[in-house]
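Before any comments, here is the structure.
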Amino acid sequence: MKLKYLLILSVSIIAVSLAGCTKDEIAPTGIKTKEPGTTTDYTAPTYADDYSAIASWSDRSQWNLANVHDPSVVFDGTYYYMYSTDASYGNAHVGHGHFLARRSRDLVHWDFIGMAMSTEPAWVKDTLNNMRARVGLSPIDSPRYGFWAPVIRKVGNNYRMYYSVVVDNYIKTGKVNTADNFDGSWTEKAFIGMMETSDLSSNQWVDHGMVVCSVSDRGTDWSRSSLNDWSAYFKYNAIDPSMIVTPEGENWLIYGSWHSGIVAIQLNPDTGLPLHKFDINDESTWGTRIYTRSDGSRWQASEGPEIMYNAETGYYYLFLAYDELSVAYNTRVCRARSIRGPYYSYDGSTASGSDCFPIITHPYKFNNHSGWVGFSHCCVFKDETNNQWYYCSQARLPANTNGNAYSNAIMMGHVRKIEWTEDGWPVVLPERYAAVPQDAIAESDLTGSWEVITLNYQYKKQQTSSAMTLSSDHKATGAVTGTWSYNSTTGILTVGSLKLNVVRELDWEASPRVPTIVFTGLNGSGRSVWGKKSQS
């Protein structure tokens, strides 16, 4: 049962045009904007957060970061390419292929270039029905698919995309997953496949078939007592792939969602397929579980693993999406010295078997904007030219924004800089990346009024801002109190016991949008603290 994505595919509220044009007919608009310079000659991006007026397929050349869900990003030396789940406001993408693709020169202006997959791969239906036949089940003639959460990585001279295809039909009868069709069984397995290209600009891929699929340790007991039974037939759910090449050259696939946890399985670097033969009947071939939110649970609200290695800290970082995706989504991170763990939380405790910290994104709201919810399922990537790490995920507008009852289906891609704490934890900037020039920040620039948000965990509740003032006599009052100081060499603002990374970024909530100063850091319990200098 894959309930987490029902909202992705169920909203169909605007008419869409089926007029088509190819990727090659869309000229790139992204112009490289270098950060060095001065903010006086800077021009802010003007695209609207509420993109409902241009959500249709015929308007896709204007989408920029509209209709982004579960993104993955890679740089080919000229462009950043982004691929994402089949999801769009009003289902505008339906009928045009799978896995939305776009590219950018500057991470700010993005051009939609089409779909990475023109039609569903034949191997999915063939493999599914072969597996069904072996346990005495009838074939499913027309499976209902979902295409989710691709991950893109460069391996050697090729780019490999690992992608998810879910089958939303009941196991017992093969009927489509609806309440009326419920037959006392769970829904069918998901598959992770892989395809390759040597040239991302061509958008031409060679599919290499199945990598792994959902697996169960319950044999043919796929019974489900009711729609309120959450005991999960499948032990590991083959969706949400992430992939990493370790410093030693090992290739690993990390995957899993909601069921019994997150799994790591080693890949053959030459083929991109499992190093050891994957066998749905042999649990020893399924991989190593590296994280579970709740020991012994078959249904837990953690998914969307993303993994990366930071050579400067010597840690592997496992980013996780917590809770349901429409509102409550929030991002956690834990770290380990080994790819297979153990992974540890901010306080040094073992992360697996409990909620992990830090919290680095959460539903939030600054003044003068509706704010964002459903803010997680990230990719993390690095610009090697300037040693800058980035976080990218979707975030959604809250329901009833601008009087639109369906506004929670508006999914905007958010690219944000990652900063690093002194003890080696990643933190995300409170404002989206906009290539704002990084003029030197003096201590005097920090005095004045701020909005501050602490990302405390509250299910489905936005964390709102409170006022703080930094006075010229180094007193902080309001949301954070104490004596403050600023080290202009390291860019660290210290307020009381808090150490905060200070950066210039865009005030996206201002009208017009203008550069401002922001900070990000972690409090003693591993909750992010965000600040934005208020406009005078």
Side-chain angles (χ1 to χ4, degrees), residues 149 151 153 155 160 162-164 189-194 210-219 232-310 313-322 332-345 348-356 377-380:
V151 64
R153 296 287 191 264
V155 181
R160 289 176 177 165
Y162 293 86
Y163 59 87
S164 307
K189 58 181 60 62
F191 296 88
I192 292 175
M194 189 270 286
M210 188 184 96
V211 182
V212 296
C213 67
S214 300
V215 285
S216 179
D217 52 359
R218 292 182 174 174
Y233 169 67
F234 293 109
K235 183 172 183 178
Y236 299 130
N237 196 9
I239 66 172
D240 295 354
S242 181
M243 187 268 186
I244 186 170
V245 179
T246 70
E248 297 77 26
E250 294 179 348
N251 286 214
W252 289 84
L253 182 76
I254 315 296
Y255 70 95
S257 169
W258 281 75
H259 292 213
S260 298
I262 306 301
V263 185
I265 188 168
Q266 193 169 359
L267 304 172
N268 183 323
D270 295 329
T271 65
L273 303 178
L275 183 63
H276 305 291
K277 182 176 174 60
F278 181 81
D279 183 346
I280 63 171
N281 297 310
D282 183 354
E283 191 165 350
S284 69
T285 70
W286 299 349
T288 301
R289 188 172 72 174
I290 62 172
Y291 176 79
T292 179
R293 188 172 179 181
S294 178
D295 281 322
S297 172
R298 304 280 293 204
W299 192 258
Q300 52 189 279
S302 63
E303 61 183 12
E306 171 74 327
I307 195 163
M308 46 75 64
Y309 178 76
N310 186 341
T313 66
Y315 281 105
Y316 293 90
Y317 293 85
L318 176 62
F319 297 79
L320 297 161
Y322 270 29
R332 311 296 181 97
V333 63
C334 49
R335 67 186 185 184
R337 292 295 187 185
S338 167
I339 186 73
R340 288 185 287 186
Y343 285 83
Y344 294 98
S345 282
S349 63
T350 302
S352 191
S354 63
D355 282 7
C356 75
H377 196 132
C378 68
C379 69
V380 174

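Note that the structure is predicted; figures quoted are calculated from it, not measured. Positions are given from 1 along the sequence.
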What pair of heavy atoms forms the shortest contact from [X] to [Y], and how long is it?
X: E248; Y: Y316; value: OE1-OH, 3.9 Å
X: P247; Y: Y309; value: CG-CE2, 3.4 Å
X: P241; Y: A149; value: CD-O, 3.2 Å
X: A264; Y: I254; value: CB-CD1, 3.5 Å

[X] side chain vs [Y] backbone, donor-acceptor pair below 3.5 Å:
X: R293; Y: A301; answer: yes
X: R289; Y: S260; answer: yes
X: W252; Y: R340; answer: no
X: Y163; Y: I239; answer: no
X: H259; Y: F234; answer: yes
X: R298; Y: Y233; answer: yes
X: T292; Y: S352; answer: no
X: N251; Y: G249; answer: yes

From [X] atom [atom1] to [Y] atom [atom2], the distance as rounded to the nearest 0.5 Å:
X: I307; Y: Y317; atom1: CD1; atom2: OH; result: 12.0 Å
X: I265; Y: I192; atom1: CD1; atom2: CD1; result: 9.5 Å
X: L320; Y: C334; atom1: CG; atom2: SG; result: 5.5 Å
X: Y322; Y: S302; atom1: OH; atom2: OG; result: 6.0 Å
X: M243; Y: E306; atom1: CE; atom2: CD; result: 11.5 Å
X: S294; Y: Q300; atom1: OG; atom2: CD; result: 6.0 Å

Sub-4.5 Å side-chain heavy-atom contact between [X] and [Y]:
X: T350; Y: Y344; result: yes
X: D240; Y: H377; result: yes
X: L267; Y: L273; result: no
X: Y315; Y: N310; result: no
X: W286; Y: T288; result: no
X: V211; Y: L253; result: yes
X: D217; Y: E283; result: yes
X: S242; Y: Y255; result: no

* Starting from the C-alpha separation in whole Å, work towards a yes-or-no answer on side chain to side chain contact (heavy atoms under 4.5 Å, CB included) for V215 and F278. => CA-CA 10 Å; V215 285; F278 181 81; 3.5 Å; yes
* Asked: Going by atom types only, do N237 and S214 share a side-chain donor-acceptor pair under 3.5 Å?
  ->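 A pair is found: one side chain offers a donor N or O, the other an acceptor, under 3.5 Å apart.
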* **side chain to side chain contact (heavy atoms under 4.5 Å, CB included) between M308 and F319, intermediate numbers included** => CA-CA 9 Å; M308 46 75 64; F319 297 79; 3.7 Å; yes
* Is there a ring-ring contact (aromatic ring centres under 6.0 Å, His included) between Y343 and Y291 once you walk through the steps? -> CA-CA 8 Å; Y343 285 83; Y291 176 79; 8.4 Å; no
* Full working for side chain to side chain contact (heavy atoms under 4.5 Å, CB included) between D355 and R332 -> CA-CA 9 Å; D355 282 7; R332 311 296 181 97; 4.2 Å; yes
* Asked: Once the angle between the rings of W258 and W299 is folded into 0 to 90°, is it parallel (under 30°), tilted (30 to 60°) or perpendicular (over 60°)?
  ->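 Ring orientation of W258 relative to W299: tilted.
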